[in-house]
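We name chains A, B, ... by the order of the sequence lines, and we start the count at 1 in each one. Values reported hereafter were calculated over all heavy atoms of this structure, with side chains retained and with hydrogens, waters and symmetry mates removed.
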Amino acid sequence: MKLSEIAQFIGAEFSGEDREITSMNTLSDASQTELSFVANVKYVKEISSSNAAAIICDSSTKDKVPSTAVALLVEFPYWQMASLTAKFAPPLEDISSPQAIIGDASIVSDKAEIARGAIVGKNCNIMAGVYIGSNAIIGDNTTLYPNVVVYRDCRVGSRCVIHAGTVIGSDGFGFASDKNGIHKKIYHIGNVVIEDDVEIGSNSSIDRAVFGTTLIKQGARLDNLIHVAHNCEIGEYSVIAGQTGLAGSSKLGRSSVFGAQSGVAGHLEIAPFNTFAARTGVTKSIKESGKVFAGFPFMDHRAWLKIQGKLARLIK
Amino acid sequence: MKLSEIAQFIGAEFSGEDREITSMNTLSDASQTELSFVANVKYVKEISSSNAAAIICDSSTKDKVPSTAVALLVEFPYWQMASLTAKFAPPLEDISSPQAIIGDASIVSDKAEIARGAIVGKNCNIMAGVYIGSNAIIGDNTTLYPNVVVYRDCRVGSRCVIHAGTVIGSDGFGFASDKNGIHKKIYHIGNVVIEDDVEIGSNSSIDRAVFGTTLIKQGARLDNLIHVAHNCEIGEYSVIAGQTGLAGSSKLGRSSVFGAQSGVAGHLEIAPFNTFAARTGVTKSIKESGKVFAGFPFMDHRAWLKIQGKLARLIK
Amino acid sequence: MKLSEIAQFIGAEFSGEDREITSMNTLSDASQTELSFVANVKYVKEISSSNAAAIICDSSTKDKVPSTAVALLVEFPYWQMASLTAKFAPPLEDISSPQAIIGDASIVSDKAEIARGAIVGKNCNIMAGVYIGSNAIIGDNTTLYPNVVVYRDCRVGSRCVIHAGTVIGSDGFGFASDKNGIHKKIYHIGNVVIEDDVEIGSNSSIDRAVFGTTLIKQGARLDNLIHVAHNCEIGEYSVIAGQTGLAGSSKLGRSSVFGAQSGVAGHLEIAPFNTFAARTGVTKSIKESGKVFAGFPFMDHRAWLKIQGKLARLIK
């Protein structure tokens, strides 16, 4: 999309040399052909070092846009960003892509649907009712049980097992809201990448990133009915028990262990090798490793046990 | 079904003029051709003003049945009501309905199943593995991602996006139980109506109403793995984050905002424009607007923070 | 698989008469042609009475293996057991089994997939997108709504209703982990048995047993988005509301009633006829019946109400 068209679409002034914008991205990840935006004071410090071709900004941030980028001045950058995602989102399926490629010795049910442009590796089992979207890539020796859905552009590694009904790559829970509380959809242009040797239980939901990637690293184990929001990262060999939910953009270090029905708030960083008892609600980032936590708001597991003891005595 | 047959089926005496009963409904919503019942003291006050053609009652409520209605006297009205729902429930699919109608420019996967009598609007995307039941109606410009299920008689508005694996219209969790704890299924004769501009994440479950409608109003946003029980109502532009659950018949006002893993007990009314922190458990109706709540049982958010602070000091 | 091959595969010494091993099982359930293992001090007392043909053990348990069994000595019995489950797991589908048998008057969608060796009873409704695995058995008069998945070897009784998207028989959340935290999959060789007259809501997940059976008994009612882990047992006529989760091997007695968003820890035994308020977290076995519990950790419901009252006064 031409920069001039973008400016016109969002009602921003634009003069100067026009150029082709290939996609949208965050300030820190945008390349020289991508459009970015700043809509939150938290990210103001990232403006000056952004490589973006253009940055949607408001009057309070316009002066910080570096000379390498075109400043697109609007009143509500977040709302305009949301509007533009509809323009950059690819179609649901790429009709013009080549036929899907299926590796040797893979068994694909005739009741599975593999969209054009997808690639399935060798020795896979793609069972009935599975959907694999355009340009999605499945590694070797991977099993997708019945009715698994892999949205377009997502990747599942080799030797993975994904149980029935699990959805990989649905849009994250992101939208802009105006002052009347009316919402505008943010199309999620990113994807999900699941590395090798990962197993995911049944009826779990792994959302794609707004921009970039929701990442589940090598050897992780996820149980049933788990919710992984957009842009999360789950460390290698992590273990996440049933009905746990991770809010957006949280990053779990290697070998994180979560008991069932746990929750992690958004935008947290959890150091590797920590363990969380069932139902823990993690509300802050954690820098130490090797600890055991419990409770909501979470605390050291022994402290939580102490509180429960005191509460029990309270009623006597 | 003839009133005389109904009476015979549930073992109630019946004399007088016979008539055709078209369906079942609550005391307050029943029309003059519908059958109702009273099985809970809470609803006794609604008997006298009911327009129902007939009312299943027991000896304690029989005298309150208005002269416009036939009183069908039984020992266990709730159990007999449950038995009768099986008689009024339509077949799983209407074989005799006309072929489904698909609007212009809609793309329907040949791996989707659209039952007879269904109507799909214009410019829709109905992806692989989707099921749309008999007489269900889908508006214009709506996307149903793979393996979405819309049960018969339900409606989804225009410009809606429903992500993969979400189920709209499954029977609610309702049954009658006898003194031995044996359950009798209540067939859910109602439906689900989702208004325009609603987006629902993946693997959520929205149950149909027993009688009447489970309603999700214009512009609401629901995340993944959400449970909406029978007869709920979700206000316009409400935002409900992942793994939240609403029990039966609760009504949320406009722009209700729920953090993840929240819960709302049954039969509550929540005033518009309230916000609930993640994991809030709402146990009572709320009449004020513009407040923020947290905790279980829920309380003012600041009060909850105070309690957490005191508990933290308890262990020192 | 020959015992000599098993020994070689796991690096155990073996001398003596070779024999055919038909499957794997727990110490207490293994038959005279099955292989078992001891990997947890909790089960040491079961070694001497085991009927297993061979037992994988380490140097601390080797001497307790009865003379009727061959002791297979390894350093890490649990890890070697996990490795062997891959050898005993059947293929995803039995290609050589006879065509599925469909009972009289059953309606099977042409978009359902019924694997070879499966049996569907009379008067069933098997709707679009349903998958029934090899050798699975469905009773009479049972309805499987769209996109229900029944994994191979599982059984669903007569007069059952399983709502859309529910998965029966996915592998449980079991794996062995080495000292680096790397996991090895435990293939789940057991199954799920759902007795007659059971109804399960939409998008629930019922995992198959590692060995043996995950059992849902006659007349139970499960709501939406429920997680039942491997080897659980749910008593007759139990009622389990939405988003509840049961951890592995827990056994609920008859007529157990759970409010929504409850949880039960693993390996517990819950006596019959107990009721649990919404969000109860059961952390210990319960021997009494007829009680009402609440809270996490759970306690008597009245005690929980008292504590909540005291906490509320704390903030004044």
Side-chain angles (χ1 to χ4, degrees), chain A residues 91-93 111-113 115 128-131 133 147-151 165-175 177 180-183 185 203-207 225-229 243-247 261-266 279 281 283 295-297 299-300 302-304 306-307 310-311, chain B residues 107 109-112 125 127-130 143 145-148 159 161 163-166 197-205 218-226 236-244 254-255 257 259-261 272-273 277-279 295-296 304-305 308-309 311-312 314-316:
Chain A
L92 290 180
E93 293 190 348
K111 290 197 173 71
E113 171 85 6
V130 166
Y131 174 85
N147 296 342
V148 163
V149 175
V150 179
Y151 277 56
T166 282
V167 174
I168 293 165
S170 40
D171 279 4
F173 198 54
F175 42 81
S177 305
N180 295 315
I182 295 173
H183 313 298
K185 176 173 177 60
N203 283 333
S204 284
S205 291
I206 320 291
D207 282 347
L225 295 162
I226 284 173
H227 168 58
V228 177
Q243 297 179 319
T244 290
L246 311 181
Q261 299 184 333
S262 293
V264 177
R279 290 202 173 172
T283 49
F296 174 61
M299 60 187 80
D300 184 89
R302 280 159 308 186
W304 184 79
K306 244 196 224 173
I307 284 189
K310 293 210 179 186
L311 286 176
Chain B
I107 300 171
S109 166
D110 59 5
K111 291 197 172 72
N125 275 285
M127 296 182 76
V130 167
T143 297
Y145 275 96
N147 297 342
V148 163
R159 298 175 302 282
V161 178
H163 283 283
T166 282
D197 300 302
V198 169
E199 180 160 353
I200 304 180
S202 52
N203 284 333
S204 284
S205 291
Q218 163 105 18
R221 289 287 181 277
L222 278 68
D223 200 352
N224 303 333
L225 294 161
I226 284 173
E236 299 88 342
Y237 310 109
S238 289
V239 170
I240 304 188
Q243 296 178 319
T244 290
R254 177 182 168 146
S255 295
V257 177
Q261 299 183 334
F273 297 105
R279 289 201 173 173
F296 173 62
W304 184 79
L305 288 174
Q308 301 312 321
L311 285 176
L314 245 185
I315 55 168
K316 275 174 193 161

**Request:** Give a yes or no on whether the backbone of B:V257 and the side-chain of B:S238 come within a donor-acceptor separation of less than 3.5 Å.
**Result:** no
**Prompt:** Under 3.5 Å, is there a donor-acceptor pair between the side chain of A:D300 and the main chain of A:R302?
**Reply:** yes
Report which part of [X] has an atom under 4.5 Å of a heavy atom belonging to chain A: side chain, backbone, both, or neither.
X      : value
B:A164 : both
B:T143 : side chain
B:I240 : backbone
B:A220 : neither
B:D223 : both
B:L222 : backbone

**Asked** Within a strict 4.5 Å, meaning less than it, do heavy atoms of the A:L311 and B:L311 side chains meet?
**Response** yes
Name the member of [options] that forms the most heavy-atom pairs with chain B at distances under 4.5 Å.
options                        : value
A:A115, A:S170, A:G133, A:G169 : A:S170
A:E113, A:E93, A:K111, A:H227  : A:H227
A:G295, A:S205, A:G172         : A:S205

**Prompt:** Given the side-chain rings of A:Y131 and B:Y145, with only the six-membered ring counted for Trp, is the space between their centroids under 6.0 Å?
**Reply:** no
**Complete:** Heavy atoms of B:R254 and A:N180 approach each other most closely as NH2-O, 2.9 Å
Atom pair [atom1]/[atom2] of [X] and [Y] - distance to nearest 0.5 Å:
X      : Y      : atom1 : atom2 : result
A:L92  : B:I107 : CG    : CD1   : 7.5 Å
A:T166 : A:I226 : OG1   : CD1   : 9.0 Å
A:D171 : B:N224 : CG    : CG    : 10.0 Å
A:D207 : B:S202 : CG    : OG    : 5.5 Å

Among [options], which residue has the highest count of heavy-atom pairs closer than 4.5 Å to chain A?
options                : result
B:R221, B:M127, B:E199 : B:R221
B:E236, B:Q308, B:H163 : B:H163
B:A260, B:P146, B:A241 : B:P146
B:N203, B:N125, B:V239 : B:N203

What part of [X] gets closer than 4.5 Å to chain B, counting heavy atoms only: side chain, backbone, both or neither?
X      : result
A:F296 : both
A:S204 : backbone
A:V167 : both

**Message:** Side chains of B:Q261 and B:Q243: any donor to acceptor distance under 3.5 Å?
**Reply:** yes
